[in-house]
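All heavy atoms count here, side chains included; hydrogens, waters and symmetry mates do not.
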Amino acid sequence: MGRKRAQDTSIEVEISTGTARKENIPGDPNSWVLYVNSVPSSSITVGEPTRLDFPYLHWMATTIDHVFPPGTSVRAVHIGAAGCSLARRLHATHPRSRQTAIDVDALLMEYVREWFDLPRSPALALRVGDGAREIQTFAPGSINIVVRDAFAEDTTPQALTTHDYFAHTASALKPGGLALFNIAGTPGHARQEINAISSQFAQVYVIHASGRTRGQRENVVIAALASASALDKTRLAATLRTGPAPATITKA
């Protein structure tokens with residue numbers, strides 16, 4: 001495993017799927033951005049697990065807190081681990097939770113454990129595998145939260161966008177469960193996935209940046225719920241609108 005160093009502010013390594021680079025955020029020696037194949041995949045501040053620098057992660061965390069208030073314990077599965085930013089935050093805000101983070105890249109998982117202060121198993125288990133297959137290994141009705149945040153460069157792998165994948169995700173959730181899907185693009189770009197998700201879940205919402213320019217390509221988060229009564233849209237909309245990364249939520 002070769003690695004290159006540049007004044008200790010940037011470390012690049014070879015991983016199973018290409019390269020990974022952790023790059024220090026200027027002026028903050030404990031904060032890093034993890035790039036996978038040159039795409040920013042995670043932002044980590046060692047010692048501050050609740051800090052989330054990417055707006056879409058704020059939206060996900062806010063939605064999770066709305067459905068599962070901080071202090072409760074949850075069973076969560078993350079499809080696409082990278083630096084485990086959201087998993088670290090959940091560990092801090094929802095004590096005694098059990099999480100599994102799944103990533104196709106074995107070497108990346110080794111480096112993430114080495115570089116960042118991740119919780120140890122069973123609080124956070126790292127599993128190497130294809131998320132589309134691994135979601136099928138969880139018993140029906142066994143998970144509170146499933147997060148899909150997986151990319152091949154800047155595109156979600158096709159196997160994680162199929163009707164079968166969404167059906168297996170819905171099946172794995174408990175009756176009050178929540179699934180979150182990160183999509184790179186516009187709400188219009190996400191329409192095909194939104195339609196497929198809507199066929200499997202009781203409620204589906206689209207969360208995106210407030211003040212978005214029409215056609216602008218940014219992250220869109222889809223929040224899908226197994227129960228029709230698990231989410232108060234008006235209250236969540238107010239929280240998202242006034243948060244550190246203002247967002248709009250609409251029913252799909």
| message | For a 4.5 angstrom cut-off between non-hydrogen side-chain atoms, does Glu14 reach Leu107? | response | no
| request: Return yes if some donor-acceptor pair links the side-chain N/O of Thr19 with the main-chain N/O of Ile15 below 3.5 Å, else return no. | output: no
| field | Derivation and outcome, side chain to side chain contact (heavy atoms under 4.5 Å, CB included), residues Thr50 and Thr93 | value | CA-CA 8 Å; Thr50 61; Thr93 58; 4.0 Å; yes
| field | Member of Ile222, Leu236, Ile194, Leu225 meeting the side-chain contact (heavy atoms from CB on, under 4.5 Å) criterion with Tyr205 | value | Leu225
| task | Determine yes or no for a side-chain-to-main-chain donor-acceptor pair under 3.5 angstrom, with Trp59 supplying the side chain and Ala245 the backbone. | result | yes
| message | Rounded to the nearest 0.5 Å, what separates atom CD1 in Ile79 from atom CD1 in Ile135? | response | 4.5 Å
| Value rounded to 0.5 Å, distance of OG in Ser171 from CD1 in Ile143 | 9.5 Å
| query | Where do Asn182 and Arg148 land on the side chain to side chain contact (heavy atoms under 4.5 Å, CB included) test, with the steps shown first? | reply | CA-CA 6 Å; Asn182 181 23; Arg148 189 206 69 189; 5.8 Å; no
| request: Test side-chain hydrogen bond (donor to acceptor under 3.5 Å, both in side chains) on Thr156 and Thr161 and set out the steps. | output: CA-CA 7 Å; Thr156 304; Thr161 66; over 6 Å; no
| field | Interatomic distance, Arg75 atom CZ to Asn144 atom CG [nearest 0.5 angstrom] | value | 9.0 Å
| message | Which heavy atom of Asn37 sits nearest to which heavy atom of Thr17, and what is that distance? | response | ND2-O, 3.2 Å
| query | To the nearest 0.5 Å, how far apart are CG in Leu86 and NE2 in His58? | reply | 11.0 Å
| field | Criterion side chain to side chain contact (heavy atoms under 4.5 Å, CB included) on Ile64 and His94, from CA distance to verdict | value | CA-CA 10 Å; Ile64 288 171; His94 293 68; 4.3 Å; yes
| field | Closest heavy-atom pair and its distance - Ala82, Leu108 | value | CA-CD2, 4.2 Å
| Does the side chain of Met60 come within less than 4.5 Å of Ile207's, by heavy atoms? | no
| How about Val112 and Leu118: do any of their side-chain heavy atoms sit closer than 4.5 Å? | yes
| said: Any non-hydrogen side-chain atom of Val77 less than 4.5 Å from a side-chain atom of Ile145? | reply: no
| message | Between Asn219 (side chain only) and Tyr56 (backbone N and O only), is there a donor and an acceptor less than 3.5 Å apart? | response | no
| said: Are Phe166 and Phe201, when compared by the centres of their aromatic rings, separated by less than 6.0 Å? | reply: no
| remark: Nearest heavy-atom contact between Ala184 and Phe151 is CB-CE2, 3.8 Å
| request: Apply side-chain hydrogen bond (donor to acceptor under 3.5 Å, both in side chains) to Arg88 and Ser42, showing your working. | output: CA-CA 11 Å; Arg88 292 172 71 248; Ser42 300; over 6 Å; no
| Min side-chain heavy-atom separation Val146-Phe138 under 4.5 Å | no
| field | Joint cluster assignment, Tyr111 & Leu34, ILVMFWY side-chain distance < 4.5 Å | value | yes
| query | So Ile44 and Asp53, side chain to side chain contact (heavy atoms under 4.5 Å, CB included) or not? Walk me through it. | reply | CA-CA 8 Å; Ile44 300 286; Asp53 292 331; over 6 Å; no
| said: For Ser31, is there any backbone N or O sitting under 3.5 Å from a side-chain donor or acceptor partner on Thr45? | reply: no
| request: Kindly indicate whether a cation-pi arrangement holds for Arg21 with Tyr35, taking the cut-offs as under 6.0 Å to the six-membered ring centre and within 45° of the axis. | output: yes
| note | To the nearest 0.5 Å, atom CD of Gln203 lies from atom NZ of Lys251 at 5.5 Å
| request: Decide yes or no for Val128 and Ser16: does some side-chain heavy atom of the first lie under 4.5 Å from some side-chain heavy atom of the second? | output: no
| said: Which heavy atom of Ala125 sits nearest to which heavy atom of Ser121, and what is that distance? | reply: CB-OG, 3.8 Å
| request: Count the heavy atoms belonging to other residues, nucleotides or ligands that lie under 6.0 Å from CZ of Arg113, then report whether that count exceeds 12. | output: yes
| query | Would you say His91's side chain and Leu124's backbone share a donor-acceptor pair under 3.5 angstrom? | reply | no
| Donor-acceptor contact present, side-chain Gln136 to main-chain Ala132, <3.5 Å | yes
| request: Decide yes or no on side-chain hydrogen bond (donor to acceptor under 3.5 Å, both in side chains) for Thr100 and Arg127, but give the supporting numbers first. | output: CA-CA 7 Å; Thr100 303; Arg127 182 188 299 183; 4.8 Å; no
| said: Applying a strict under-4.5 Å side-chain criterion to I, L, V, M, F, W and Y, I'd like to know whether Val39 and Val220 cluster together. | reply: no
| request: Spell out, as yes or no, whether a donor-acceptor pair under 3.5 Å connects the side chain of Ser85 to the backbone of Ser43. | output: yes
| task | Evaluate salt bridge (charged side-chain N to carboxylate O under 4.0 Å, His left out) for Glu114 paired with Lys22, printing each intermediate quantity in order. | result | CA-CA 12 Å; Glu114 174 188 339; Lys22 88 167 180 171; over 6 Å; no
| task | With the side chain counted from C-beta on, respond yes when Thr248 and Thr250 share a heavy-atom pair under 4.5 Å apart, and no when they do not. | result | yes
| Going by heavy atoms in the side chains, are Leu231 and His66 under 4.5 Å from each other? | yes
| said: Show the nearest heavy-atom pair for residues Thr72 and Ser97, with the distance to one decimal. | reply: O-OG, 4.0 Å
| task | Would you check if the side chain of Asn30 reaches a backbone N or O of Val46 as a donor-acceptor pair within less than 3.5 Å? | result | no
| note | Minimal heavy-atom distance between Ala202 and Ser227, with the atoms involved, is CB-C, 3.7 Å
| note | The reported gap from OG1 in Thr137 to NE2 in His168 (rounded to nearest 0.5 angstrom) is 11.0 Å
| task | Mind running side-chain hydrogen bond (donor to acceptor under 3.5 Å, both in side chains) on Thr9 and Asn24 for me, showing each step along the way? | result | CA-CA 5 Å; Thr9 62; Asn24 184 237; over 6 Å; no
